[in-house]
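Written below as structure tokens is the structure these notes are about.
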Amino acid sequence: MPELPEVETVRRGLAPVLVGARFTQVDLRRPDLRFPFPSRFSQRLAGRRIEALRRRAKYLIADLDEGCALVMHLGMSGSFRVLEGETGVYPARTRFARSRDAAHDHVLFHLSTGAAIVYNDPRRFGFMDLIAQTDLTRHKLFRDLGLEPLEDTFDGAALAERLAHKAAPLKAALLDQRVVAGLGNIYVCEALHRARLSPRRAAGALSRRNGDPTARADALAQAIREVLAEAILAGGSSLRDHRLTDGSLGYFQHRFRVYDREGEPCPTPGCSGIVRRIVQAGRSTFYCATCQK
DNA sequence: CGCATCCCCTGCCTGC
DNA sequence: TGCAGGCAGGGGATGC
């Protein structure tokens, strides 16, 4: 599921419920997701107050009192659901009632406000960890992360610098979290189409052009910002698992221009191309070979 | 180091 | 109808 817009959508849904509340009890229904939960996970969270809920790349970071941070990654199929004032009745009133399988409800966070939050993840590629706030920036999960595309400092020049000298195709370079943090397969395809850049172009060749060395990088940075901002406003893309925290669906999938549209006409005005699917780095790329150069 | 491949896991869709 | 195979929004390990 989740790329930057989906994680940000989840963050915005959880923040008003979490921030200012305390964890009263945390129930684990299995010992691991992608990795084992850290030792004494539930005990270490009990009683802690959530002071802020941030996002970095595709990670959610809940800053807790006493200096610790709860770090959460949704993997491919993770989702959170808010149960307002339903503490104590889980799972009786929620099972099967919200179109997802309670067998994959792995973590239940009870809050001092009487609300609760459930983490559901069928594929279990997600994970959670507890990290001291002072260690976050140098922690291996975060230290190598690249540019945050929605921050003011993200522009063509910064992007070109990160892509310079890379031989990998643009598609693969943009999926690399060390270059731009938070992009995934969908939004890389969509941004490249908007910028009319071929996913097969060498990433390092983006900036080489007579006259204006960053024209293509500027267009790409702009396309990335635009597609992410539009997707967030739409609540993200719900292909299978992504849900807002109230259980509703995002709708940006209806606005995809190329992703999962193999064989359809290219939506670029005046372009007569057909959307193609190729495989790069083992993953599907959708693009128009006619207008994306 | 960069890059490709495979793998983790479950569910869904396709084709036979 | 059943079943095998392929594919899926992420990312880490491994091998060249």
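So that the names make sense, note that chain A is the first sequence line, chain B the second, and so on, each numbered from 1. As the structure is a prediction and not an experimental result, all values here were calculated from the model.
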*Which listed nucleotide (B/dC9, B/dG11, C/dA8) is nearest to the side chain of A/R124?*
B/dC9
*Looking for any heavy atom pair under 4.0 Å, which part of the strands does A/Y187 touch: base, sugar-phosphate only, or nothing?*
nothing
*If only side-chain N and O atoms of A/S77 are considered, is one of them under 4.0 Å from the OP1 or OP2 phosphate oxygen of B/dC9?*
no
*How many angstroms lie between OG in A/S284 and CG in A/D260, if you round to the nearest 0.5 Å?*
8.5 Å
*Indicate whether A/F125 forms a stack on C/dG10; treat it as stacked only if centroid distance is below 5.5 angstrom and interplanar angle below 30 degrees.*
yes
_A/R257 bridged to A/E190 by N-O distance under 4.0 Å_ = no
*Return the 5'-most residue of the pair A/P122, A/A167 with respect to DNA chain B, ranking by each residue's nearest nucleotide.*
A/A167
_So if I take every side-chain heavy atom of A/H104 and compare against C/dC7, C/dG9, B/dG11, which nucleotide ends up nearest?_
B/dG11
*Do A/R283 side-chain and C/dA8 base share a donor-acceptor contact under 3.5 Å?*
no
*Name the nucleic acid region contacted by A/G184, choosing base, sugar-phosphate or nothing; use a 4.0 angstrom heavy-atom cut-off, strictly under.*
sugar-phosphate
*Is there a side-chain contact between A/L33 and A/F37, using heavy atoms and a 4.5 Å cut-off?*
yes
*On DNA chain B, nearest-nucleotide positions of A/R240 versus A/R34: which is more 5'?*
A/R34
*Between C/dC7, B/dC3, C/dG12, which nucleotide gets closest to the side-chain atoms of A/R277?*
C/dC7
*Does the base of B/dC9 carry an N or O that pairs as donor and acceptor with the side chain of A/R123 under 3.5 Å?*
yes
*Measure from the side chain of A/E6, starting at C-beta and using heavy atoms only, and say which of B/dG11, C/dG11, C/dG9 lies closest.*
C/dG9
*Mind checking whether A/F23 and A/F109 have parallel, tilted or perpendicular rings, split at 30° and 60°?*
tilted
*Now, which nucleotide makes the Watson-Crick or G-U wobble pair with B/dC16, with each of the two distances under 3.5 Å?*
C/dG2
*Using purine N1 to pyrimidine N3 plus N6-O4 or O6-N4 for Watson-Crick, or N1-O2 and O6-N3 for G-U wobble, each under 3.5 Å, what pairs with B/dC7?*
C/dG11
